[in-house]
S.K.: 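Starting off with a structure, shown below.
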2 protein chains.
Amino acid sequence: MSERRVTIKDVAARAGVSIATVSNVFSGNKPVNADLQERVQKAARDLSYQVDRAASQLRSGQAKVVGVLVPDLDDVFFTSLVSQLEVMAQKDGYDIIVASSRDDIGLEQSRLRTLLAWRPSGLIVIPCSDAVPAGLDNEFARLPMVFADRVPPGGSIVDTVAIDNCEAGEIAARHLLELGHRDIVVAASNVAISPIRERVRGASALIRATAGADPTVIELGSNAERGTEAFLHWLERHKRPSAVIALTNVTTLSTLSALARLRIDIPDPVSVVGFDDYPWMSARKTGLTAIRQPIAEIAAAAWERLRRRMSGDASPPLGTVLQTSLQVRDSVRELSPAARDDAQSHDLLQDQETKTAANAVH
Amino acid sequence: MSERRVTIKDVAARAGVSIATVSNVFSGNKPVNADLQERVQKAARDLSYQVDRAASQLRSGQAKVVGVLVPDLDDVFFTSLVSQLEVMAQKDGYDIIVASSRDDIGLEQSRLRTLLAWRPSGLIVIPCSDAVPAGLDNEFARLPMVFADRVPPGGSIVDTVAIDNCEAGEIAARHLLELGHRDIVVAASNVAISPIRERVRGASALIRATAGADPTVIELGSNAERGTEAFLHWLERHKRPSAVIALTNVTTLSTLSALARLRIDIPDPVSVVGFDDYPWMSARKTGLTAIRQPIAEIAAAAWERLRRRMSGDASPPLGTVLQTSLQVRDSVRELSPAARDDAQSHDLLQDQETKTAANAVH
DNA sequence: CACAGCCTGTTAAACGTTTTACAGTAAAAC
DNA sequence: GTTTTACTGTAAAACGTTTAACAGGCTGTG
């Protein structure tokens with residue numbers, strides 16, 4: 001019963017060539033005659049030979065694996081990214097190994113270590129904080145690497161791919177402001193995360209410029225249920241705003257759940273601008289107006305940069321910034337002049353508190 | 001600049017021991033003295049040594065990797081599963097490498113081959129068809145393996161973990177029937193997939209027994225947008241049913257989207273029972289009544305079985321079946337007696353067509 | 001005291017590839 | 001006609017581990 005593994009030797013023997021030739025046929029490192037190639041292929045097929053990745057990798061040092069580290073595998077945004085990456089990786093002959101840091105900086109480090117132990121030919125990282133994960137610093141030089149989505153603010157020493165988060169916030173705010181909304185709440189996940197901070201900044205700046213006061217910013221975390229509770233709690237003890245901007249797909253869910261629980265209709269009395277674009281957003285009676293992130297483009301750009309690096313490109317790091325767009329559906333209403341005045345007075349009433357909340361953020 | 005990789009040799013030299021000892025310290029295969037262990041650990045830390053997986057795996061034949069093959073990485077159900085598996089795998093010191101077959105039987109084979117090339121210590125497979133993927137048959141004996149969710153019908157020669165699909169269909173149907181619905185459409189993804197077929201079977205049997213006729217079964221595929229179009233198309237040319245049972249989370253989305261597009265309210269005039277339980281289902285004014293699959297339990301059961309197998313358990317294959325439950329929210333209405341009669345007459349009218357559609361399924 | 005048995009550590013031989021260095025042959029250049 | 005050059009194939013040496021076989025120092029027992 002002891003079925004020995006079929007190795008390159010067996011194939012070589014059966015095809016009547018040296019093992020080096022077999023290797024060359026499979027790796028394509030050196031040209032080999034057409035008929036010999038044929039013979040080798042046939043022999044391999046007959047024995048159902050598969051090259052052993054471990055051996056191959058050990059000798060060559062090359063892995064044909066890329067590690068993908070994301071903060072949360074339950075968040076559609078990240079899994080969509082992973083899904084796209086998997087497709088492109090497969091097309092280029094790479095396998096991906098995924099790890100989730102579960103938004104824990106300690107776990108991030110440990111997961112990173114295990115990813116590095118694979119000696120992958122590249123890494124795509126969505127860090128869980130602004131800090132460049134320790135242990136990665138001495139790898140920058142040798143290991144192709146792309147940071148996506150949550151890129152450390154300021155110039156980076158690695159390639160980065162992200163959306164224009166500040167602009168995303170602006171777009172959402174502008175839409176609401178143009179329709180007369182002044183009393184706007186910004187539902188962030190966690191302002192410690194730089195892209196979120198940027199989105200808040202973009203929205204806040206525009207709202208302040210137009211409405212004369214910073215919006216209230218609340219943090220709902222990255223878990224839909226807990227965020228729902230948090231927002232419910234907030235709604236209980238504050239005046240109801242005329243509009244909410246949710247800055248992630250999870251906070252969008254939290255916002256909608258809380259409003260649904262209180263049987264507050266959308267868009268009247270409360271308008272909502274969500275984030276991301278997923279099928280469930282249009283599977284509702286009042287479709288959700290939302291900021292669309294170009295997930296496919298983000299994934300494509302990240303992979304493209306990584307591919308370049310993996311094939312030896314050593315040019316200075318590049319920061320790719322992609323644009324978001326507004327997907328208008330039915331969850332934002334136009335405020336009548338009367339309602340606007342009403343909203344305005346809310347602003348005045350809440351001015352002080354608003355400022356405090358916003359200050360906490362900046 | 002030529003930073004040579006730091007190997008076990010370097011650590012051994014620095015700690016003043018043999019490489020075998022270093023290996024033993026890290027693998028724990030043989031006991032080593034406490035102080036020596038300390039010395040080795042320190043040396044390793046100083047040099048920031050990491051064992052090379054490739055070398056380790058080549059020599060030992062053991063991989064500490066499990067391959068996970070899913071049909072679609074854009075489907076929340078599968079990514080939730082992957083997410084849970086990743087957590088448990090990590091806890092047990094395994095890494096996972098994921099591959100998507102994208103519901104293509106050819107791709108499934110090829111992805112499987114690449115997974116096997118890793119010589120993983122185990123495999124968790126959600127097949128994309130009833131057929132056991134070719135190339136896997138000669139691995140059954142040596143490679144620990146668990147099939148999940150889409151298990152081939154009838155007894156299997158591998159461990160399987162799945163829900164009671166037939167019962168799931170029944171539960172949905174019973175709920176509707178009890179509330180007086182008779183004119184029910186079953187929105188399946190693809191009846192070629194055995195669990196779907198089972199769900200249809202369960203629902204159909206009960207509906208036939210109670211309403212006297214099989215329900216209409218329509219196939220909406222596994223893509224939300226295309227499913228929406230398909231259902232829209234169907235709705236255009238058929239009498240509107242009083243209720244819809246959606247048999248996957250994607251068909252649930254398609255159903256809801258189509259109804260929303262036609263501005264048909266839920267639950268009146270059309271009630272809906274969805275599938276799976278995700279945050280977006282309660283983030284709506286009329287929360288969605290749905291069949292809840294215990295995803296965490298499925299993942300846990302699959303991992304547990306795999307873990308057992310990987311540690312040498314050779315008992316005969318086990319088929320684990322988990323129960324679903326009905327999550328009642330607001331998307332199903334109780335039909336008044338008058339409406340019931342009305343629905344009843346529809347049944348009679350559509351009897352013939354209904355039967356044809358259902359026949360196509362069985 | 002001698003000897004078996006245990007404990008801990010070492011040496012050296014794998015594991016299955018890739019790759020370097022080399023050899024042989026055929027074609028091209030002198 | 002000899003020397004290059006180009007092209008293909010091979011033998012053998014890595015790659016960094018794990019592990020089988022072995023060795024030496026204890027302890028406990030007869």
Side-chain angles (χ1 to χ4, degrees), chain A residues 2-41 43-44 47-65 93 114 116-121 142, chain B residues 2-41 43-44 47-65 93 114 116-121 142:
Chain A
S2 79
E3 301 225 26
R4 210 177 43 73
R5 293 211 37 234
V6 25
T7 84
I8 204 176
K9 258 186 196 158
D10 305 319
V11 179
R14 185 172 238 266
V17 297
S18 75
I19 63 168
T21 302
V22 178
S23 171
N24 286 331
V25 167
F26 280 95
S27 66
N29 282 356
K30 267 180 137 191
V32 11
N33 228 350
D35 52 337
L36 260 200
Q37 217 166 117
E38 186 71 18
R39 251 176 39 219
V40 170
Q41 295 279 14
L47 303 170
S48 71
Y49 164 76
Q50 283 253 100
V51 335
D52 180 317
R53 299 191 87 106
S56 161
Q57 172 173 349
L58 171 58
R59 182 56 240 245
S60 70
Q62 295 228 329
K64 282 289 194 179
V65 202
T114 82
L116 289 178
W118 285 98
R119 311 208 183 284
S121 25
R142 39 186 161 202
Chain B
S2 78
E3 300 225 29
R4 210 176 42 72
R5 295 213 33 234
V6 25
T7 84
I8 204 174
K9 259 186 195 158
D10 305 317
V11 179
R14 185 173 238 265
V17 297
S18 74
I19 62 168
T21 302
V22 178
S23 171
N24 287 330
V25 167
F26 280 95
S27 66
N29 281 356
K30 269 179 135 190
V32 7
N33 227 349
D35 54 335
L36 261 200
Q37 216 166 116
E38 185 70 20
R39 263 196 4 239
V40 170
Q41 294 280 16
L47 302 171
S48 71
Y49 164 76
Q50 284 252 101
V51 336
D52 181 319
R53 296 191 90 106
S56 162
Q57 172 173 349
L58 171 57
R59 181 55 238 248
S60 70
Q62 294 229 328
K64 281 289 194 179
V65 203
T114 82
L116 290 178
W118 285 100
R119 312 207 180 285
S121 25
R142 40 185 161 204

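Chain letters run A, B, ... following the sequence lines, proteins first, then strands; residues in each count from 1.
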S.K.: Does A:Arg53 reach the side chain of B:Gln57, with side-chain heavy atoms less than 4.5 Å apart?
M.R.: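 A side-chain contact is absent here, since even the closest heavy-atom pair is not under 4.5 Å.
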S.K.: Would you mind reporting whether B:Trp118 and A:Val65 have side-chain heavy atoms less than 4.5 Å apart?
M.R.: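 Heavy-atom side-chain distance check passes, below 4.5 Å.
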S.K.: Report the distance from atom CG of B:Asp35 to atom P of C:dG9, rounded to the nearest whole Å.
M.R.: 8 Å
S.K.: Tell me: CG of A:Asn33 to C1' of D:dA6, nearest whole Å?
M.R.: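 Atom CG in A:Asn33 sits about 14 Å away from atom C1' in D:dA6.
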S.K.: Starting at CG of B:Leu58 and ending at C1' of C:dT18, how long is that distance when rounded to a whole Å?
M.R.: 12 Å
S.K.: Taking the side chain as everything from C-beta on, heavy atoms only, tell me whether A:Tyr49 gets closer than 4.5 Å to A:Asp10.
M.R.: no
S.K.: What nucleic acid atoms does A:Gln37 come within less than 4.0 Å of, heavy atoms only: base, sugar-phosphate, or nothing?
M.R.: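 Contact class for A:Gln37: none.
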S.K.: Starting at atom CD of A:Gln57, determine the distance to atom C1' of D:dT17, rounded to an integer number of angstrom.
M.R.: 13 Å
S.K.: Between the base of C:dT17 and the side chain of A:Arg59, is there any donor-acceptor pair under 3.5 Å?
M.R.: no
S.K.: Can you check whether A:Thr21 reaches A:Leu36 side chain to side chain, under 4.5 Å on heavy atoms?
M.R.: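 Yes, at least one pair of side-chain atoms sits under 4.5 Å.
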S.K.: To the nearest angstrom, how far is A:Lys64 atom NZ from C:dT17 atom P?
M.R.: 18 Å
S.K.: For DNA chain C, find the residues of residues 19-32 of chain A with a heavy-atom distance under 4.0 Å and give them by number; none if there aren't any.
M.R.: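 Those residues are A:Ile19, A:Ala20, A:Ser23, A:Asn24, A:Asn29, A:Lys30.
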S.K.: If the cut-off is 4.0 Å, is A:Ser18 near the phosphate of D:dT10, judged by side-chain N/O to OP1 or OP2?
M.R.: yes
S.K.: Closest heavy-atom contact between B:Leu58 and A:Ala54?
M.R.: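 For B:Leu58 versus A:Ala54, the nearest heavy atoms are N-CB, 3.9 Å.
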S.K.: Please report, rounded to the nearest Å, how far the P atom of C:dT19 is from the CD1 atom of A:Ile8.
M.R.: 11 Å
S.K.: Can you give me the closest heavy-atom contact between A:Gly93 and A:Lys64, atom names plus distance?
M.R.: O-CD, 3.7 Å
S.K.: Under a 3.5 Å limit for both distances, which nucleotide forms a Watson-Crick or G-U wobble pair with D:dA20, could you say?
M.R.: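 Checking every strand shown, D:dA20 finds its partner in C:dT11, with both distances under 3.5 Å.
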S.K.: Would you kindly give the CD-to-P distance between A:Glu38 and D:dG9, to the nearest whole Å?
M.R.: 14 Å
S.K.: Apply the side-chain contact (heavy atoms from CB on, under 4.5 Å) test between B:Ile19 and each candidate in B:Val11, B:Ile8, B:Thr7; give the one that qualifies.
M.R.: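 Looking at B:Val11, B:Ile8, B:Thr7, the match for B:Ile19 under the side-chain contact (heavy atoms from CB on, under 4.5 Å) is B:Ile8.
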S.K.: Nearest whole Å is fine: how far is C:dC15 P from B:Gln62 CD?
M.R.: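 So the two atoms are 16 Å apart, to the nearest Å.
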S.K.: Go through C:dG9, C:dG16, D:dG9 for me and flag the one nearest to the A:Ala55 side chain.
M.R.: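 Per side-chain heavy atoms of A:Ala55, the pick is C:dG16.
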